[in-house]
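Values in this document were obtained by computation on a predicted structure and should not be read as measured data. Letters go in sequence order (proteins before strands), and every chain restarts at 1.
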There are 2 protein chains.
Amino acid sequence: MSEYFDKSLRSCHDCQCMSSLFCLLTNEELQLVDRNKIHVNFRAGETIKKQGTFMSHVLSVNSGLAKLYIEGLEGRSAILRIVKPTSFIGGPGIYFDQRHHYTITALVDSSVCFIDLQVFKELLKSNRSFEDEFLRDFSRDVLTVYNRLIYLTQKQMPGRMADALLYLHDEIFQQLKFPMILSRFDLADLSAMSRESAVKVLRDFQKEGLIRISDHELELTDEDALRKISRIG
Amino acid sequence: MSEYFDKSLRSCHDCQCMSSLFCLLTNEELQLVDRNKIHVNFRAGETIKKQGTFMSHVLSVNSGLAKLYIEGLEGRSAILRIVKPTSFIGGPGIYFDQRHHYTITALVDSSVCFIDLQVFKELLKSNRSFEDEFLRDFSRDVLTVYNRLIYLTQKQMPGRMADALLYLHDEIFQQLKFPMILSRFDLADLSAMSRESAVKVLRDFQKEGLIRISDHELELTDEDALRKISRIG
DNA sequence: ACTTAATATTGATATATGTCAACCAAAAAC
DNA sequence: GTTTTTGGTTGACATATATCAATATTAAGT
């Protein structure tokens, strides 16, 4: 039997990679999730969810990595955040209009659970601590976007790129050396600049010895200097 | 007796200007709000709430107008929205860290109710439709910030300024001619540009007959053209 | 009414950033 | 293996935007 199918048969109770949110559910509630979820594997580059579509399910990323971005004007995009395993994707559409307000694309092969929205909402209503924790996570995401708004509009390119790289370090990999999952295009979308400008800023960083890029790996060789660039904008 | 004191004695039940949210409360719940609120009047220019402070209360704006902004880098600010009467101010701090994540300043003389945060949270828990409506409002605000992120980073100055003016028309005054409550500084903070640039863009708009400014009033004389400028960025 | 301070205006200039075009390298398709 | 495509790189150039400095205007204080 293929691994693809095998994973989709595994129940939530045995799942090592469910969102920490679901730890707050009772056994019965977790069974409810189990019966109302769909598990799907995605290849790198595939679109997991498209902005504007009806939110029939909320998502939980079990393994892999994805980019979550808003499709803006004239084909340009703004990456809001990178989604890493065990994290949960809902967004304001849950409460507002039952729509997805951003597109999510797999950066590497990823496995995702789709949980029925109505079932999810019932859980929010029936389990208070689950709801509290969910709203806490949601609010943290909102604050991240507030921060992004500030630094994207008030810093200039080197500061924005430094922030993007430090974000990957601090929030995603927690290591100075990590795989280059993002193309220059993606880095540009993450730091609100043109693709060519992203290339140039990265080259400057390399020349000054702040980073090293080789074989699909990126290394922050002078983290302190990057933090300083981030600070002075 | 001064009007100041008179207003603070009036109970929520008689209040013509409470947030529509509170219509969902029962009489008993409204009494609870009444007993746990403080009413304060502010003069134009006064700070109603300062970013970073402990969120002991949530706010409800009864009359007047205020600007809600994030204090960013080097004294610069980003106005998130203009707060008009009958609207409610909470923000992600309610669920995340019990802090205010933006500063609110009165643009004109304003009257504001401060409602105890713990009492407010109890109401969210005890009254389901109240919570639903609150979360819906919250989510709408979040979406507005997402939109702002996109247009502030992807449009250039004329488009951003047109958006700012149309925002005032669409969301705040609903009239083509309205009082100029915002200084050029404020308009700059609302459209993410320098104060001098704001002046120049507005002058260009005036020269082209898109707007007229006189005696603290601003008139959108060519709304269609402004919408076009907004669209093409 | 006078003085002071805050805001608004303007043009000159510097700088940041985007765009264009050409080219290269690596990966994917055939 | 060759071709095609995609992503990456680079420099020249155009443009958007900020900054600076000087001045005008308006509001606020006394």
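Separation of atoms OH (B:Tyr151) and CG (A:Leu73) is listed at 11.5 Å; rounding is to 0.5 Å. How far CE of B:Met161 is from CG of B:Leu165: 6.0 Å, rounded to the nearest 0.5 Å.
The residue among B:Lys207 and B:Asp186 whose nearest nucleotide of DNA chain C lies closer to the 5′ end is B:Asp186.
For the pair A:Lys200 NZ and D:dT9 C1', the interatomic distance rounds to 9 Å; values are reported in whole Å. Note: CG (B:Leu182) to P (C:dT7) measures 13 Å, nearest angstrom. Between A:Glu196 atom CD and C:dC24 atom P the separation is 17 Å, expressed in whole Å. Rounded to an integer number of Å, the gap from CZ of B:Phe205 to C1' of C:dT9 is 17 Å. The CE-P distance, from A:Met193 to D:dT15, rounds to 22 Å in whole Å. When the C1' atom of C:dC24 is taken as reference, atom CZ of A:Arg184 falls 14 Å away, rounded to whole Å. Atom CG of A:Leu202 is separated from atom P of D:dT10 by 11 Å (rounded to the nearest Å). The nearest whole Å value for the distance from the CD atom in A:Gln156 to the C1' atom in C:dT15 is 8 Å.
In terms of phosphate contacts, B:His216 brings no side-chain nitrogen or oxygen within less than 4.0 Å of OP1 or OP2 of C:dT7. The phosphate of D:dG8 has neither OP1 nor OP2 within less than 4.0 Å of any side-chain N or O from A:Arg195. OP1 and OP2 of D:dA18 both lie 4.0 Å or more from every side-chain N or O belonging to B:Arg76. Contact annotation: A:Ser197 reaches the phosphate of C:dG18 (side-chain N/O to OP1 or OP2, under 4.0 Å). For D:dT10, one of the phosphate oxygens OP1 or OP2 lies less than 4.0 angstrom from a side-chain nitrogen or oxygen of A:Arg203.
Classified by interplanar angle (parallel below 30°, tilted 30° to 60°, perpendicular above 60°), the ring pair B:Phe173/B:Phe178 is parallel.
The residue B:Arg160 sits close only to the backbone: its heavy atoms come under 4.0 Å of sugar-phosphate atoms, none of a base. Residue-level contact check: B:Ser183 touches the backbone only, with heavy atoms under 4.0 Å from sugar-phosphate atoms and none from bases.
In this structure, A:Lys50 pairs ionically with A:Glu71, as a charged nitrogen and a carboxylate oxygen lie closer than 4.0 Å.
Few gaps surround CD on A:Gln174; more than 12 heavy atoms of other groups in view lie less than 6.0 Å from it.
The A:Ser194 side chain lies nearest to C:dG18 when the options are C:dG18, C:dA8, D:dT17.
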